[in-house]
Amino acid sequence: MNKIPANEAKISDQAVTAFGNTPNPRLRQVLQGLVCHLHAFASEVELTEEEWLAGIRFLTDTGKLCDGVVRQEFILLSDVLGLSMLVDAINHRACEAATETTVFGPFYIAGMPERGQGENMAFSPGEPALVQGRVLDSAGQPIANALLDVWQTAENGMYSGQDTEQPLANLRGRYRTDGEGRFAIRTIIPVSYPIPTDGPVGRLLQASDRHPWRPAHLHFMVMAEGHRTLVTHLFNHDDPYLETDVVFGVKDSLKVVYQPCGADHPLAARYDFSGPFRLATYDFVLERA
Ligand code: BEZ
Ligand code: FE
């Protein structure tokens with residue numbers, strides 16, 4: 001990069017200094033850092049007026065597509081820029097023993113039905129599966145009565161809410177651990193799916209020759225009294241998009257195998273499987289709050 005001309009450097013200095021009296025010290029730090037890096041970026045790429053206006057239009061379109069319910073294009077933008085995963089990493093540095101975290105995503109819906117041990121949350125077709133395991137504390141002790149809020153897409157790659165043909169509670173539910181910290185979720189095997197591409201984020205991906213796919217996963221938010229809430233996914237271990245997740249969310253420790261089981265498997269009778277099903281087992285470890 002060429003040396004920044006003195007008049008341009010002066011503009012940047014003035015803008016950073018203008019935020020110097022922000023009474024809240026953290027807000028001051030964030031605002032001054034933002035302005036400083038934004039100016040450095042514009043200087044480095046020598047931003048043209050057309051590019052500046054295209055950026056303004058892009059952000060305007062992004063905002064217009066947010067409805068505050070099922071479409072949050074700004075979160076999607078943060079996700080495909082890798083910013084969501086960077087913020088996640090910054091905020092989960094010091095918890096070696098705990099299960100790793102990943103993106104929350106824009107498709108969570110609060111208040112879904114609380115379901116019994118092993119209850120089916122799938123009301124649309126798919127390959128039957130049971131996801132079971134325990135919730136543990138960082139000393140390996142089981143946590144009873146932990147709440148697991150779970151969501152995934154249907155086989156058509158869409159979440160309920162996004163796809164109005166599905167009942168809202170399809171492939172969503174809240175499960176509690178029993179006295180030994182155990183949970184069991186009857187569902188269908190998750191499938192890979194493209195994030196929405198009909199808006200500015202889709203245009204950005206296309207212009208950058210990036211695909212829009214996320215590897216198959218099941219979302220979890222795991223909560224227990226006295227523990228830090230865990231937001232994570234379990235990824236199908238054999239998904240072709242694991243290496244190139246459009247939102248950079250994959251971690252090796254979150255991959256699970258869905259083992260094939262016959263109708264004669266002891267869990268089939270317990271959870272009402274009349275034919276073959278797949279079984280994935282995973283223990284979540286929560287950090288103390
Ligand atoms: C999701 O996994 O639901 C998701 C995450 C980031 C962007 C879009 C979707
Ligand atoms: Fe998802």
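Every heavy atom of this structure was used, including side-chain atoms; hydrogens, water molecules and symmetry mates were not. Counting starts at 1 for both ligands and their atoms, following the listed order.
Numbered from 1 in the order shown, with element, the atoms of ligand 1 that lie under 4.0 Å from a heavy atom of R214 read 1 (C), 2 (O), 4 (C), 5 (C). The H219 neighbourhood of ligand 1 comprises atoms 1 (C), 2 (O), 3 (O), with distances under 4.0 Å to a heavy atom of that residue. Below 4.0 Å from some heavy atom of L76 lie the following atoms of ligand 1, by number and element: 7 (C), 8 (C). Within ligand 1, counting atoms from 1 as listed, the ones closer than 4.0 Å to a heavy atom of V247 are 6 (C), 7 (C). The F107 neighbourhood of ligand 1 comprises atoms 3 (O), 9 (C), with distances under 4.0 Å to a heavy atom of that residue.
When side chains are defined from C-beta on, Y282 counts as touching T99, because their heavy atoms get closer than 4.5 Å.
In this structure, F277 has its ring center closer than 6.0 angstrom to the ring center of H265. Taking the centre of each ring, Y241 and H217 stay at or above the 6.0 Å mark. Checked against the 6.0 Å centroid criterion, the rings of H233 and F104 do not qualify as a close aromatic pair.
Both the sub-6.0 Å distance and the 45° axial angle are not jointly satisfied by R186 relative to the ring of Y175.
The closest protein non-hydrogen atom to atom 9 (C) of ligand 1 is P106 CD, 3.5 Å. For atom 1 (C) of ligand 1, the nearest protein heavy atom (residue, atom name, distance) is Y193 OH, 2.8 Å. With respect to atom 7 (C) of ligand 1, the closest heavy atom belonging to the protein is D79 OD2, 3.0 Å. The protein atom (non-hydrogen) at minimum distance from atom 5 (C) of ligand 1 is G105 CA, 3.5 Å.
By the criterion of a heavy-atom distance under 4.0 Å, neither the backbone nor the side chain of V246 is placed next to ligand 1. The side chain of Y159, and not its backbone, has at least one atom closer than 4.0 Å to an atom of ligand 1 (non-hydrogen atoms only; side chain from C-beta on).
Contact check on E73 versus R71 returns a salt bridge, with a Lys/Arg side-chain nitrogen under 4.0 Å from an Asp/Glu carboxylate oxygen.
Within the 2.8 Å limit, T153 places no N, O or S atom next to the Fe ion (ligand 2). For residue H217, an N/O/S atom approaches the Fe ion (ligand 2) to within less than 2.8 Å. Look at Y159 and the Fe ion (ligand 2): an N/O/S atom of the residue is under 2.8 Å from the metal.
In this structure, OH of Y193 and NE2 of H219 enclose an angle of 170° at the Fe ion (ligand 2), rounded to 10°.
A chain of hydrophobic side-chain contacts below 4.5 Å, direct or via other Ile, Leu, Val, Met, Phe, Trp or Tyr residues, connects V103 to V246. Under the 4.5 Å side-chain contact rule for hydrophobic residues, V35 and F41 do not share a cluster.
What you find for A184 and Y271 is that their closest heavy atoms are CB-OH, 3.5 Å.
When the options T281, D283, D178 are evaluated for a side-chain hydrogen bond (donor to acceptor under 3.5 Å, both in side chains) with R134, the one that passes is D283.
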